[in-house]
Amino acid sequence: MGQPVPVLEMTGIGKTFPGVVALDDVDFRLLPGEVHALMGENGAGKSTLIKVLTGVYSNDAGEVRLAGEPVRFTGPLQAQRAGVSTVYQEVNLCPNLSVAENIFIGREPRRFGKIQWSRMRKRSAELLRRLDLDIDVSAPLSTYSLAVQQMVAIARAVDVSVKVLVLDEPTSSLDTSEVDQLFRVIRRLSDDGVAILFVSHFLDQVYEIADRMTVLRNGRRIGEYRTAELPQMDLVSKMIGKELETLEQLEERTGRTHDRARDAPVVIQAEGLGRVGAIEPFDLTIHEGEVVGLAGLLGSGRTELARLLFGADRADHGGVQIGGRPVTLRGPRTAMRHRIAFSSENRRAEGLVEDLSVRENIVLALQASRGWLRPISRRRQEELADKYIKALHIRPADPERPVRNLSGGNQQKVLLARWLITEPRLLIVDEPTRGIDVGAKAEIQRLLAELSGGGMAVLFISAELEEVLRVSHTVAVLRDRRLIQQIDNDADLDADRVMQAIASGGQPA
Amino acid sequence: MITDTPAPVQNRPVATKGRVYRPNQRHIPVLATLALLALMYGLGVANYEGFSDTQVLLNIFVDNAFLLVVAVGMTFVILTGGIDLSVGAVVALTTVVAATLLGKDWPPGVVLPLVLLIGTTIGLAMGCIIHFFEIPPFIATLAGMFLARGLCHLISKEAIPITDGFWTSMAQERLRFGGFFISLSVVIAVVVVLIAAFVLAYTRIGRNVYAIGGNAQSALLMGLPVGRTRISVYAISGFCSALGGVLLSFYMLSGDPLHAQGLELDAIAAVVIGGTLLSGGSGFLFGTVLGVLVLGLIQTIITFQGTLSSWWTRIVIGGLLFAFVLLQRLVTRRAR
């Protein structure tokens, strides 16, 4: 049992973008015939590493060796010719052309310059049959499901070159049976000796298909493991890099009055609410004065869930009751009419208008809900702005300053003020503390606690588990776009138990 | 997913949840145009005396040969998802240059290749600007249009008659068969159509045109020569415009800076009515032929009617164009 020779070896790879170190001294190797998963949270450096490998980016440091030979690709085409093919999440084929053409275009069998359509169709049918796919290859690609399109993309990639196949999030828009079909194809290819680099957010799928995995975090390689030897629990903590030491309890764990919250009137109740490709149907009830925290890895469907409750995306399953009456959430305006407020994760792109002043930003949502024909008087605007600048400690306390000039934490408070002014019954806050300093963070957490004390229901979303635990009465755990468990935040709930729930998929471990 | 279509091709089991069989989905717009053409022809025959004469039909070809050639070039461009607004101006420029040079006793053997070269070069230049500087085709060809039209007026302020022997013989030569006739221009146009249809269906450059129209980004990632193809289609369109201009000068026996005003819009209308998607990637050359015939038939009907102003042609074309764009939208939406 000699050490197998890696088909691909990347050593000491470094890549810096202006202001960000995307990859720092990363080693990666791929053995022939293995399925190797590249794991890490968003921003860990997975896609940068893949782009270095496929020649989209050039690396600042380190070396890439393919079958022992040092290589330096200048583009995906060159990489493809050398035997490294990539199939992306979005299928990069031409939907208007036939399946056969998509496999062969650019390399069509010809005779005296004339394309031989029948030979092309026959050869592509053979190729697809090797992947267990028996379809009419003369039909346009767009008439087939996404899974089949992905398989066609793989067929093209495999026929062009067969050494290394990179699959970047191939399963994110496939359903369960389609995933099974894709996995059969992957296994067959790896049996043929193709080395497969597999990237996915779905832990179950990784454990099903991958032989080994490499974990990245913050642009560094954490380690290389055999899948069989790394429990899911350990993988999750390696990916997150639990930073339990930090952030001493600024606020006592709320740990109070669940009973009150349970008895309080229900604000919103979702039954079997879901949307294909975004989040599987879930049940969720939020009471007056209750803070429900959403916990889960990035990409587990936290934001998607919130967007359904706000009507920003239309649900295709189930329904919502607000204050006991069924409501169809046609869009954010309907939700706002029922006094649901949504403070977006992306405060720059979706929330604040940076060139407007603090005052103007604060009254924006209130004005929108009143309709533009009933303007709020200038004096009323100033009153409101002053009130919330004081209440939320917005600094500098100048209502006429453009929001652009405020720090991240204060911008976040302006955004909160905007929604609070509409006196919502349910406030959805998506990542309110991301990228702001510790002090501002604590203030926002305290503010949310005060608001819920006043009877407001809050749905709190954060990537930081500790924070979710500090603020919430109930923790809803998400994984792979599914709500797997709701846990009361009592004295003995801690980050480890939530992480365990994430890793085990909700079953008691 | 088992379809109940009895067609023998379909009896193989479809392995996955795959396609729902729809007969000739891509052909629907072309078939619609064909049906429309038949309907219009039927109406003409029923309502007007002498309309059923085959020569009426042939005259449509005779009168519109130049438009057909121009529309062929336009089909290439639109299939890539682009547009060429310069064709009318290039046609006019071709007639003016040809008439001027022939008036100075240049031999037709020199003038003919020269004007074709000029048209192709203009197209090539616009293609390069579109590709290398990433200028939207609409803007680049709009500039080309002004440039070519301006050049026409620079060369001559008024119409120049052509008296050259070769030109007049080409204009007057008729191929007669069984009491009917067509002009040589029709033969040239048909040859152009056949060559173009072969190129689009059976050569790599033709398929690349479709691929770029389908998804240019994907085409690039699949390693297709996107830039070369894109530049080529504008050169082809330029060549076709110049050839169309030559045919027009056969037909008119003059060069005039005011020739072919708005021809680019007729050509675009013919291509769209022929079922080619303006967004690119889908359509057939045969459809373009039908589109030109529809335009010609409308004119003929209005001539036969006699009492209608010729502007009715425009109104009907406008209505049809609208109907076809809607039809395309419906078809593409169903295909998703």
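Keep in mind that the numbers below use all heavy atoms, side chains included, and drop hydrogens, waters and symmetry copies. Each chain gets a letter, A, B and so on, in the order its sequence line appears, and its residues count up from 1.
- Using a 4.5 Å heavy-atom cutoff, the side chains of K114(A) and F198(B) are in contact.
- Here CG of N208(B) is found 6.5 Å from CD of E108(A). Values are rounded to the nearest 0.5 Å.
- The CG atom of N96(A) sits 9.5 Å away from atom CG of L79(B), with the distance rounded to the nearest 0.5 Å.
- Judged purely by atom type and a 3.5 angstrom limit, W117(A) uses its side chain to pair as donor or acceptor with the backbone of A201(B).
- Contact of S138(A) with chain B is made through the backbone alone, with heavy-atom distances under 4.5 Å.
- In the displayed structure, F183(A) atom CZ is contacted under 6.0 Å by more than 12 heavy atoms of other residues, nucleotides or ligands.
- Across R156(A) and M222(B), no two heavy atoms sit closer than the pair NH2-O, 2.9 Å.
- Other residues, nucleotides and ligands contribute only 12 or fewer heavy atoms inside 6.0 Å of the CD atom of E134(B).
- Look at R207(B) and E101(A) and you find a salt bridge, because one of the NZ, NE, NH1 or NH2 atoms lies within 4.0 Å of a carboxylate O, short of that distance.
- Considering every non-hydrogen atom in both R107(A) and R204(B), the closest pair reads C-NH2, 3.4 Å.
- Contact annotation: the side chain of L93(A) never approaches that of N215(B) to less than 4.5 Å [non-hydrogen atoms, C-beta and beyond].
- Around CZ of R187(A), the count of heavy atoms belonging to other residues, nucleotides or ligands within 6.0 Å exceeds 12.
- Neither the backbone nor the side chain of A216(B) comes within contact range of chain A; no heavy atoms are under 4.5 Å apart.
- When all heavy atoms of C94(A) and A211(B) are compared, the closest pair comes out as SG-O, 3.2 Å.
- Annotation for Y210(B) and L97(A): closest pair CB-CD2, 3.6 Å, computed over non-hydrogen atoms.
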